[in-house]
Each structure stands twice: as structure tokens, then as C-alpha cells.
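Below you'll find the structure, written out as C-alpha cells, and then a few comments.
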Amino acid sequence: MKNLSPAFFSSDPVDCARELIGCHLRWGGCSGRIVETEAYRALGDAACHTFVRPSARDFVATHQAGDAYVYLSYGVHWLFNILIKGPQGDGFVLLRALEPLEGLDAMRARRGNYADRLLMAGPGRLTQALGISGAEHGCRWLEQGQSGLTSGKPDSIVSGPRIGISQAVDLPWRFGDPASKCLSKPF
DNA sequence: GATGCGATTCAC
DNA sequence: TGAATCGCATCA
């Protein structure tokens with residue numbers, strides 16, 4: 001297990017999304033195993049925020065690889081993305097589901113008394129469980145000591161279409177460990 | 001200052 | 001399976 005540095009995110013968004021499956025995320029006093037991600041490309045991907053939002057394009061231009069891109073979905077749920085800036089193109093990786101490892105009590109205090117497998121089984125659920133909100137938007141969380149990523153490998157990784165989007169629906173840029181009990185939806 | 005709409009969740 | 005929900009970005 002080695003720590004992932006911001007250099008890990010100076011690569012291809014789709015490669016990063018795939019390689020993050022099985023890695024361990026540490027956030028404050030909580031941690032979890034990443035079991036589901038999605039990739040978004042800044043260029044040529046109609047589902048990416050950069051496609052219609054000047055503010056998203058500005059974010060890419062003014063932030064560094066690995067920085068947090070956090071935004072509110074449906075006016076209710078915070079979604080956590082990691083900025084990718086690589087030679088093959090920029091983009092984001094959306095964290096969609098984690099298996100809780102440490103800090104389950106703190107997660108329940110924030111989310112309610114749900115079963116373990118439901119604490120972070122969804123992009124809005126995991127931010128609520130970890131206490132991530134708009135305050136973390138733009139932050140360089142990988143270099144803040146109490147939070148970070150360590151590498152790991154799942155038994156297998158599968159891919160499929162991304163969830164909840166209306167554009168570019170055919171691109172198979174959702175990745176996950178099909179054996180996990182904590183997916184937001186089965187593959 | 002108004003409008004449209006969403007990278008979802010939870011309860012029914 | 002279906003409805004809530006409201007904040008934010010965008011543009012006028």
C-alpha cells in the first residue's frame with residue numbers, strides 16, 4: 001500500500017477512474033474502499049460540466065491535478081470529484097460508492113442509522129457520510145495529512161454506462177468492483 | 001432578477 | 001416505482 005500523490009492525477013481521466021477501484025480513501029477520521037467511480041472528460045464529453053458551464057472550464061484552468069471539485073446535485077446532494085489534468089486531456093473522476101472501513105459511528109451520526117452497506121453506496125451518500133460539502137470545493141485535500149488515498153487492488157473491475165446523465169449515455173466510463181455489496185447500482 | 005434543471009435519495 | 005426538492009449556474 002503506497003500513498004497516491006497529486007501526480008497520480010496527472011494522467012488520463014478514464015485510466016484514473018479505473019485505477020481508483022480498490023484504493024482506500026481516508027477523510028478525516030473516516031476511511032473506505034473505493035468500489036465505484038465514473039470518468040468525465042473536459043473535451044468532447046457532453047456529460048461533463050465543462051461542456052456547458054464556463055465556471056467548470058475556469059475551474060480546470062485555475063486548479064491543480066488532484067484538487068476537489070464539489071458541487072450540489074438536485075439542490076440537495078453534494079457530489080465529490082477529483083480534477084484530472086493529464087497530457088491526454090483533462091477531466092474529472094466522480095466517486096460514486098465506497099465500502100466503509102473506519103469511522104462508521106461518525107458516518108451514522110451524519111447520515112442516520114443505516115446498514116453498513118448503505119452508508120456510502122451512492123455519490124450523495126458518501127459525501128454525507130464523510131462530511132464533505134461545498135466548503136471543500138477547490139481544496140487540495142491530498143496534501144492535508146488527515147485525508148488521502150492509498151493504492152489497492154480489487155479482484156476484478158468491470159465497466160458500464162454512466163448513471164444519471166442524459167448526454168453521452170453510451171460511453172462505458174463507469175467502473176466498479178462487481179463483487180462489492182456497496183455499489184449504488186449493480187453492474 | 002428570473003428561469004430551468006439536475007452526475008440523487010428515500011419512502012411508498 | 002415515483003415524487004420531492006431547492007440551490008446554483010447561466011443569461012437577460
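To find a chain, count down the sequence lines: A is the first, B the second, and so on, and within it residues start at 1. Note that the structure is a prediction, hence the values are computed from the model and not measured.
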For residues A/Arg174 and A/Lys185, determine if any side-chain heavy atom of one lies less than 4.5 Å from a side-chain heavy atom of the other.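 Yes, at least one pair of side-chain atoms sits under 4.5 Å.
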
Does a side-chain heavy-atom distance below 4.5 Å link A/His137 with A/Phe59?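 Side-chain contact under 4.5 Å: yes.
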
Whole Å only: how far is the [atom1] atom of [X] from the [atom2] atom of [N]?
X: A/Tyr74; N: C/dA3; atom1: OH; atom2: P; result: 14 Å
X: A/Phe51; N: B/dG6; atom1: CZ; atom2: C1'; result: 17 Å
X: A/Ile165; N: B/dC5; atom1: CD1; atom2: C1'; result: 16 Å
X: A/Arg111; N: B/dC10; atom1: CZ; atom2: C1'; result: 10 Å
X: A/Ile132; N: B/dA7; atom1: CD1; atom2: P; result: 18 Å
X: A/His137; N: C/dA9; atom1: NE2; atom2: C1'; result: 12 Å
X: A/Gln167; N: B/dC5; atom1: CD; atom2: C1'; result: 13 Å
X: A/Asn113; N: B/dC10; atom1: CG; atom2: C1'; result: 15 Å

For DNA chain C, the expected dot-bracket line (Watson-Crick or G-U under 3.5 Å, [ ] crossing, | inter-strand) is ||||.||||||.

Would you tell me whether [X] and [Y] have side-chain atoms, one donor and one acceptor, within less than 3.5 Å of each other?
X: A/Tyr69; Y: A/His63; answer: no
X: A/Arg111; Y: A/Gln128; answer: yes
X: A/Glu36; Y: A/Ser184; answer: yes
X: A/Arg96; Y: A/Thr37; answer: no

Does A/Arg18 qualify as a cation-pi partner of A/Trp173, given the criterion of NZ or CZ under 6.0 Å from the six-membered ring centre and within 45 degrees of its axis?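 Ring-cation test returns no.
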
Rounded distance in Å between the P positions of B/dA7 and C/dT1: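 Straight-line distance between the two P atoms is 23 Å.
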
What nucleotide among [options] has an atom nearest to a side-chain atom of [X]?
X: A/Tyr114; options: B/dA11, C/dT10, B/dA7; answer: B/dA11
X: A/Trp78; options: C/dC8, B/dG6, B/dT9; answer: C/dC8
X: A/Leu72; options: B/dG6, C/dA9, C/dC8; answer: C/dC8

Who are the side chain to side chain donor-acceptor pair (under 3.5 Å) partners of A/Asn81, not counting sequence neighbours?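 Per chain and number, A/Asn81 pairs via side chain to side chain donor-acceptor pair (under 3.5 Å) with no residue.
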
Establish, with yes or no, whether the OP1 or OP2 oxygen of [N] is under 4.0 angstrom from a side-chain nitrogen or oxygen of [X].
X: A/His77; N: B/dA7; result: no
X: A/Ser55; N: C/dT10; result: yes
X: A/Tyr71; N: C/dC8; result: no
X: A/Arg96; N: B/dT8; result: yes
X: A/Arg125; N: B/dC10; result: yes

Would you classify A/Arg162 as touching base, sugar-phosphate or nothing, given that sugar-phosphate means primed atoms plus P, OP1 and OP2, and contacts are heavy atoms under 4.0 Å?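 Nothing: the residue A/Arg162, judged by heavy atoms under 4.0 Å, touches no strand.
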
Categorize A/Tyr69 for me: base, sugar-phosphate, or nothing, with a 4.0 angstrom heavy-atom threshold over every strand shown.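 Counting heavy atoms under 4.0 Å across all strands, no contact is made by A/Tyr69.
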
